[in-house]
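Structure, as structure tokens:
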Amino acid sequence: MTTGSSTTETVFARLVQEHPNLSEIHRRVMRAFEELTHGRPQTTDGSLTVVNIAAEAGVGRASCYRSPVAAAIKEILAAPDSRRPEVDELKAEITRLRKAEQALRGQKAAEIRELQETVAAYANQIQVLALRVAEPEDDNDRLKASLRQPRGTVAVLPMPR
């Protein structure tokens with residue numbers, strides 16, 4: 001027997017002792033809760049909700065809320081060692097994994113943005129360097145052209161090879 005199960009038994013035993021004439025509806029709600037916590041649903045997906053407890057017990061939701069069993073169920077679920085159906089544990093794990101995935105996606109998106117900014121900065125630097133390399137080449141070509149054209153008293157020497 002698990003600790004969560006003994007908590008349920010203890011709380012339900014106290015409830016029966018405090019309310020000796022619990023109706024059949026209240027007893028069905030208790031059985032439905034126990035069946036759900038033990039992972040033995042008959043008519044629902046097994047998730048531990050008021051709607052599922054009511055459906056498993058074959059009573060209306062309002063009957064569950066008005067039942068003294070509702071306070072006992074809250075007490076059981078508040079216990080740190082309370083047993084949860086596997087469906088609820090899996091749903092909680094799915095939620096946790098989705099949040100982790102979302103966080104990872106956010107981190108990856110931030111990394112991609114940072115890398116894109118780095119690439120843009122490098123592209124700008126490459127463009128500046130290309131212009132700086134082209135400028136002396138243009139100056140050199142202009143100077144060579146001016147040397148080829150004779151000007152009055154200037155003697156043109158042959159270009160060294």
To check you understand the geometry: which heavy-atom pair defines the closest contact between [X] and [Y], and what is its length?
X	Y	result
Pro41	Leu36	CB-CD2, 3.8 Å
Asn52	Ser47	ND2-O, 2.8 Å
Arg61	Val50	CG-CG1, 3.6 Å
Cys64	Val59	SG-CG2, 3.9 Å
Arg28	Ala57	NE-O, 2.9 Å
Asp45	Lys91	OD2-NZ, 3.4 Å

Ile53 and Ile73: side-chain contact (heavy atoms from CB on, under 4.5 Å), yes or no, with the steps? CA-CA 10 Å; Ile53 293 171; Ile73 289 173; 4.1 Å; yes
Distance check, rounded to the nearest 0.5 Å: [X] atom [atom1] versus [Y] atom [atom2]?
X	Y	atom1	atom2	answer
Gln102	Lys99	CD	NZ	9.0 Å
Phe12	Gln17	CZ	CD	15.0 Å
Leu90	Thr95	CG	OG1	10.5 Å
Leu115	Arg113	CG	CZ	11.0 Å

Other residues, nucleotides, ligands: >12 heavy atoms within 6.0 Å of Glu18 CD: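 Yes, because the 6.0 Å sphere around CD of Glu18 holds more than 12 heavy atoms from other groups.
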Is it the case that atom CZ in Arg40 sees more than 12 heavy atoms from other parts of the structure closer than 6.0 Å? yes
Between Met30 and Leu22, does a side-chain contact (heavy atoms from CB on, under 4.5 Å) hold up when you go through it step by step? CA-CA 11 Å; Met30 287 185 340; Leu22 280 175; 4.2 Å; yes
Does the pair Glu93/Arg96 count as a salt bridge with the N-to-O cut at 4.0 Å?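 Salt bridge flag = yes for Arg96 with Glu93.
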Electrostatic pair Glu24:Arg31 at N-O distance under 4.0 angstrom: yes
Does the Glu56 side chain pair with the main chain of Gln42, one donor and one acceptor, at a distance under 3.5 Å? yes
Hey, does Gln116 have a side-chain heavy atom less than 4.5 Å from the side chain of Val119?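 The answer is no; the side chains never approach within 4.5 Å.
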Is there side-chain contact between Pro68 and Leu15, with heavy atoms separated by less than 4.5 Å?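 Yes. Closest side-chain heavy atoms under 4.5 Å.
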Evaluation steps, salt bridge (charged side-chain N to carboxylate O under 4.0 Å, His left out), between Arg98 and Glu101: CA-CA 5 Å; Arg98 283 187 176 148; Glu101 178 190 22; 6.0 Å; no
Apart from Val133 itself, which Ile, Leu, Val, Met, Phe, Trp or Tyr residues share its cluster (side-chain heavy atoms under 4.5 Å, direct or through members)?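 Same cluster as Val133: nobody, lone residue.
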